[in-house]
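Have a look at the structure below, then the notes.
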Amino acid sequence: MNWDDLRFLVTLGREGTLAATARQLGVDQTTVARRLRALEQSLGTPLFERDEGLWRPTAVGNRVLERAGRIEEDVAGIGRLAEAGAGKVGGVLRVTAVSALIADWLVPRLADFYARHGEVRVDLVASNDNLNVARREADIAIRLARPASGDFLMRKLADMGFALYGAARGDLAVSAGDWVAYGEDLDHTPEMRRLQAMLGSGRIRLRTNDVRALLQAVADGIGHGLLPCFVADRHPGLVRLSGSAPILSRELWMLIHPDARPLARVAVMADWLVERFAADADGLQGWLGAGRPNA
């Protein structure tokens with residue numbers, strides 16, 4: 001068996017189509033199909049079936065994918081061990097977080113990081129998906145909850161508050177029952193469950209997973225929104241409607257694979273993130289003025 005064929009197997013298992021797999025691996029679709037056939041022939045059994053344009057693993061394929069995924073993680077770990085031995089701070093560092101944190105918190109502060117570590121190139125991945133740290137899809141992940149499982153080094157960074165906002169312009173007549181919200185794929189989140197509890201007989205007029213679009217929609221009078229305080233409190237077109245205390249809070253956690261922590265560039269970014277989140281804790285929590293506990 002050609003061990004390199006396993007790369008094609010696990011990528012097809014994640015992507016589901018030849019086209020997406022080819023894009024991920026930087027090859028053409030014919031190469032993906034050929035490598036898959038070679039692996040199936042060497043193992044003597046089909047690993048995938050075509051189903052309405054998607055490639056779905058067979059029962060054997062699922063078991064092979066599970067083992068192959070662990071091999072992929074081990075190979076990535078070997079690379080991290082070698083890099084850690086080199087001890088150099090430079091290189092490419094991938095950080096993933098939700099778009100609001102990337103655009104409105106991390107990017108405005110990165111100049112400070114570059115002033116200290118200009119030899120590092122930072123790749124920011126704004127995504128609501130849980131990118132796999134073990135497979136090196138990201139070196140550091142900032143997530144809005146502590147994972148229930150996984151082999152990670154985890155550290156709580158801060159609490160992020162949410163509050164109810166409306167348009168600041170008094171000439172915009174906004175019905176109390178009109179709302180804007182994240183897409184339905186995020187209905188499971190605490191903030192969207194809270195919004196559903198407040199919705200009553202109201203209606204959601206707009207859905208989008210782009211926080212900046214939600215901010216503008218609220219400012220333009222399309223509806224009220226339950227938004228992260230650290231972004232919404234600075235928006236000139238918004239006014240907080242729910243008082244000085246946040247309606248709810250979510251924990252921000254930093255996740256790092258144990259093999260990646262010894263990398264110099266990961267270590268300096270992790271330390272910098274802890275420092276910066278601590279410095280900005282009050283703004284992220286979302287308490288206003290004298291309403292803050294122990295103020």
Side-chain angles (χ1 to χ4, degrees), residues 1-86 88 90-97 121-143 147-154 254-266 269:
M1 180 172 59
N2 184 345
W3 293 100
D4 192 49
D5 290 340
L6 294 176
R7 272 195 317 131
F8 293 80
L9 174 77
V10 294
T11 306
L12 181 58
R14 284 196 298 268
E15 300 295 335
T17 68
L18 293 181
T21 301
R23 284 194 299 271
Q24 286 291 323
L25 297 176
V27 298
D28 56 42
Q29 297 183 44
T30 302
T31 300
V32 176
R34 177 173 53 80
R35 300 294 287 269
L36 176 62
R37 285 196 300 270
L39 183 59
E40 289 178 327
Q41 289 171 2
S42 67
L43 294 177
T45 184
L47 300 175
F48 284 88
E49 297 173 337
R50 292 290 300 274
D51 180 15
E52 297 182 353
L54 295 177
W55 290 69
R56 304 188 187 279
T58 63
V60 173
N62 273 318
R63 294 197 292 272
V64 173
L65 277 170
E66 182 181 354
R67 296 286 185 93
R70 294 201 293 268
I71 293 172
E72 182 187 38
E73 293 177 5
D74 287 341
V75 170
I78 292 171
R80 284 192 291 262
L81 287 173
E83 291 182 53
K88 296 181 180 179
V92 179
L93 177 73
R94 290 173 60 92
V95 180
T96 182
R121 192 192 92 191
V122 180
D123 283 1
L124 299 178
V125 184
S127 174
N128 293 320
D129 299 327
N130 287 336
L131 299 187
N132 193 302
V133 174
R135 290 197 302 265
R136 301 190 70 181
E137 293 176 352
D139 297 302
I140 296 177
I142 303 172
R143 294 183 179 161
S149 62
D151 183 19
F152 305 113
L153 298 176
M154 295 183 285
M254 177 171 63
L255 277 60
I256 305 173
H257 193 278
D259 290 346
R261 188 62 175 87
L263 297 177
R265 63 178 177 274
V266 174
M269 174 59 82

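Note that the coordinates shown come from a computational prediction; the quantities given were computed from them, not determined experimentally. All heavy atoms count here, side chains included; hydrogens, waters and symmetry mates do not.
Between the CD1 atom in Ile142 and the CD1 atom in Ile256 there is a gap of 9.5 Å [rounded to 0.5 Å]. In this structure, CZ in Arg94 is found 12.5 Å from CD1 in Ile140, a value given to the nearest 0.5 Å. Between the CG atom in Leu255 and the CG atom in Leu153 there is a gap of 9.0 Å [rounded to 0.5 Å]. Rounding to the nearest 0.5 Å gives a distance of 14.0 Å between CZ of Arg34 and CD of Gln29. One distance of note links CD of Glu40 with OG1 of Thr58; it measures 7.5 Å at 0.5 Å rounding. The CG atom of Leu9 lies 10.0 Å from the CZ atom of Arg14; values are rounded to the nearest 0.5 Å.
Between Leu18 and Leu12 the shortest heavy-atom distance is N-CD1, 4.1 Å. When all heavy atoms of Val32 and Thr21 are compared, the closest pair comes out as CG1-CG2, 3.8 Å. For Val122 against Met269, the heavy-atom pair with the smallest separation is CG2-CE, 4.0 Å. When every heavy atom of Gly69 is checked against every heavy atom of Val10, the shortest pair comes out as N-CG1, 3.8 Å. Arg265 and Gly91 get closest at one heavy-atom pair: CD-C, 3.9 Å. Val92 and Asp139 get closest at one heavy-atom pair: O-OD2, 3.8 Å.
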Output a table of donor-acceptor pairs, distance under 3.5 Å, between side-chain atoms of residues 42-49 and any protein atom two or more places apart or on a different chain; print 'none' if there are none.
residue	atom	partner	partner atom	Å
Ser42	OG	Ala38	O	3.4
Ser42	OG	Leu39	O	2.8

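Partners of Arg70 according to the salt bridge (charged side-chain N to carboxylate O under 4.0 Å, His left out) rule, which considers only residues two or more places apart in sequence or in another chain, are Glu66. Every side-chain contact (heavy atoms from CB on, under 4.5 Å) that Arg23 has, sequence neighbours left out, goes to Ala19, Ala20. Checked against side-chain contact (heavy atoms from CB on, under 4.5 Å), Arg35 has the following partners two or more places apart in sequence or in another chain: Asn2, Asp4, Asp5, Phe8, Thr31. By the salt bridge (charged side-chain N to carboxylate O under 4.0 Å, His left out) test, Asp28 is found to be paired with no residue, residues two or more places apart in sequence or in another chain being considered.
Under the 3.5 Å distance criterion, the side-chain polar atoms of Thr96 are matched with a main-chain donor or acceptor of Val125.
A salt bridge (Lys or Arg N to Asp or Glu O under 4.0 Å) check over residues 52-62, counting only residues at least two apart or in different chains, returns the pairs Asp51-Arg56.
Residues Asp123 and Leu93 have side chains not in contact (no heavy-atom distance under 4.5 Å, counting atoms from C-beta outward).
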